[in-house]
Amino acid sequence: MQHLVDTNDLSDAQISQLLEDAKNFKAKRPIQLLRDRLFMTLFFEPSTRTRSSFEVAAKKLGAAVVHLDPSRSSTKKGESLEDTFANLCAMEPDAVIIRHSENEAPGMLADMQMTTVINAGAGNYAHPTQALLDLFTMVEHFGDVEGKNIAIVGDIVSSRVASSGIRLLTRMGMNVILVAPEPFMPESDLPQYDKLEDVIEKVDVIMSLRAQLERHSTPLFENYNEYARHYCVDHNRLGKRDILVLHPGPVMRNIDISDAMLEDSRCKVLEQVKNGVYMRMAILKLLLLDS
Ligand code: CP
């Protein structure tokens, strides 16, 4: 039984396979490879993109999906995460797709070896399917990403997208640069800058991140317009440079990325969402059929 808790769970050959399968799924509607399979989603945190794209991916492959809404489940009566999971597994799903605030939650459930576990975002440590779809979006654009320079900009310390992205993209040979004000900067050996202007000439990609206000116990900035003055990705900063702009969503408009830049062809935010469906189809195929 293979799980996807972190991208480190995948071999190089499996990552190449995922990129190839996602490309093929995007090019041609596939046969229903997962007909009669059942997936369950268990999202303890809100989601627009990840949950719905897993559902679309599963349905495009012919599988059924059942969602458990934890806010209306017996977790509200004190049932533990492990017991909730074990009870779902008694209904014999082929995989459980989980989002949780605790970094360790998906790994803990995977260790129970009751069904395949897919991490749909946990704490501030791992969001492997987002990292893989971001990689797919860059490979689609550049062909080969090795040696390309990417600046991750914003609330890096709170971000599981950044954390998973750093592990996967450095493994793929990309040069990752971190750009953030001091409160948003994690401890890291990677190059660190506090001004976007200082890296703009040398990057091929900017990955902008949302300031995750819900994860800050006290506000880190009095005024996010002041933050935006330094970090918003807009036409004044980018000019005509050939830089790909990514963002995992949800975007805080005119704080992370300007309205106008969101309409610019260099900005791939909605392409990332589209690619998320094809990458998640590839992930479901890999975990259920190929492993
Ligand atoms: N990128 C991402 O994880 O978005 P959602 O929180 O909407 O799933």
Side-chain angles (χ1 to χ4, degrees), residues 4-7 18 22 39-60 65-71 95-103 105-107 117-140 150-169 176 180 184 205-216 233 244-253 255-257 261-262 267-284:
L4 180 55
V5 172
D6 190 12
T7 53
L18 288 174
F39 299 107
M40 288 184 167
T41 68
L42 183 55
F43 275 55
F44 287 86
E45 290 188 337
S47 170
T48 295
R49 284 145 285 269
T50 311
R51 198 187 101 157
S52 44
S53 77
F54 263 117
E55 180 167 359
V56 173
K59 288 185 171 167
K60 277 182 184 271
V65 182
V66 169
H67 301 292
L68 180 71
D69 175 0
S71 71
V96 169
I97 300 161
I98 178 167
R99 170 168 290 190
H100 202 278
S101 60
E102 296 295 326
N103 291 356
V117 171
I118 302 175
N119 180 357
N124 67 356
Y125 185 70
H127 195 346
T129 66
Q130 180 71 43
L132 287 160
L133 77 87
D134 290 342
L135 174 64
F136 175 44
T137 304
M138 287 185 274
V139 167
E140 199 175 40
I150 178 169
I152 301 182
V153 180
D155 189 359
I156 303 168
V157 74
S158 305
S159 173
R160 54 195 173 214
V161 174
S163 185
S164 268
I166 288 167
R167 284 192 294 284
L168 181 63
L169 302 180
V176 179
F184 286 175
V205 185
I206 292 174
M207 180 188 287
S208 172
L209 301 172
R210 180 177 65 94
Q212 299 194 28
L213 309 183
E214 74 279 15
R215 296 190 199 278
H216 305 156
V233 181
L244 207 62
V245 177
L246 305 181
H247 192 300
V251 177
M252 294 211 297
R253 282 175 173 264
I255 294 182
D256 307 333
I257 302 179
M261 185 51 68
L262 284 164
C267 181
K268 301 296 178 190
V269 170
L270 293 181
E271 197 64 22
Q272 287 171 270
V273 177
K274 181 183 285 190
N275 285 343
V277 171
Y278 299 110
M279 177 48 75
R280 290 182 175 110
M281 289 168 75
I283 290 165
L284 295 175

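In this text, all values refer to a predicted model and were calculated from it rather than measured experimentally. Quick note: numbers below take in every heavy atom, side chains included, and nothing from hydrogens, waters or symmetry partners. In this chain, residues are counted from 1 in sequence order. Ligands are counted one by one from 1 in listed order, and the atoms in each one are counted from 1 as well.
For atom 6 (O) of ligand 1, the closest non-hydrogen atom on the protein side is Arg99 NH1, 2.8 Å. Counting protein heavy atoms only, atom 4 (O) of ligand 1 is closest to Arg49 NE, 3.0 Å. When only non-hydrogen protein atoms are considered, atom 7 (O) of ligand 1 lies nearest to Thr48 N, 2.8 Å.
Side-chain contact check for Arg280 versus Thr50: some heavy-atom pair is nearer than 4.5 Å. Using a 4.5 Å heavy-atom threshold, the side chains of Pro248 and Leu209 count as touching.
In Gln130, the part holding a heavy atom less than 4.0 Å from any atom of ligand 1 is the side chain.
Under a 4.0 Å heavy-atom criterion, His127 is in contact with ligand 1. Using a 4.0 Å heavy-atom cutoff, Gly121 is absent from the residues neighbouring ligand 1.
A side-chain donor from one of Arg99 and His127 sits under 3.5 Å from a side-chain acceptor of the other. Between the side chains of Arg51 and Thr41, no donor-acceptor pair is found at a separation under 3.5 Å.
Considering backbone and side-chain N/O of Thr50, one or more are found under 3.5 Å from N/O of ligand 1. Between Pro248 and ligand 1, a contact under 3.5 Å exists for at least one N or O pair.
In terms of the side-chain contact (heavy atoms from CB on, under 4.5 Å) criterion, residue partners of Ala131 (sequence neighbours excluded) are, by chain and number, Thr7, Ser164, Leu168.
Between Arg160 and Glu45 a salt bridge is recorded (basic side-chain N to carboxylate O distance below 4.0 Å).
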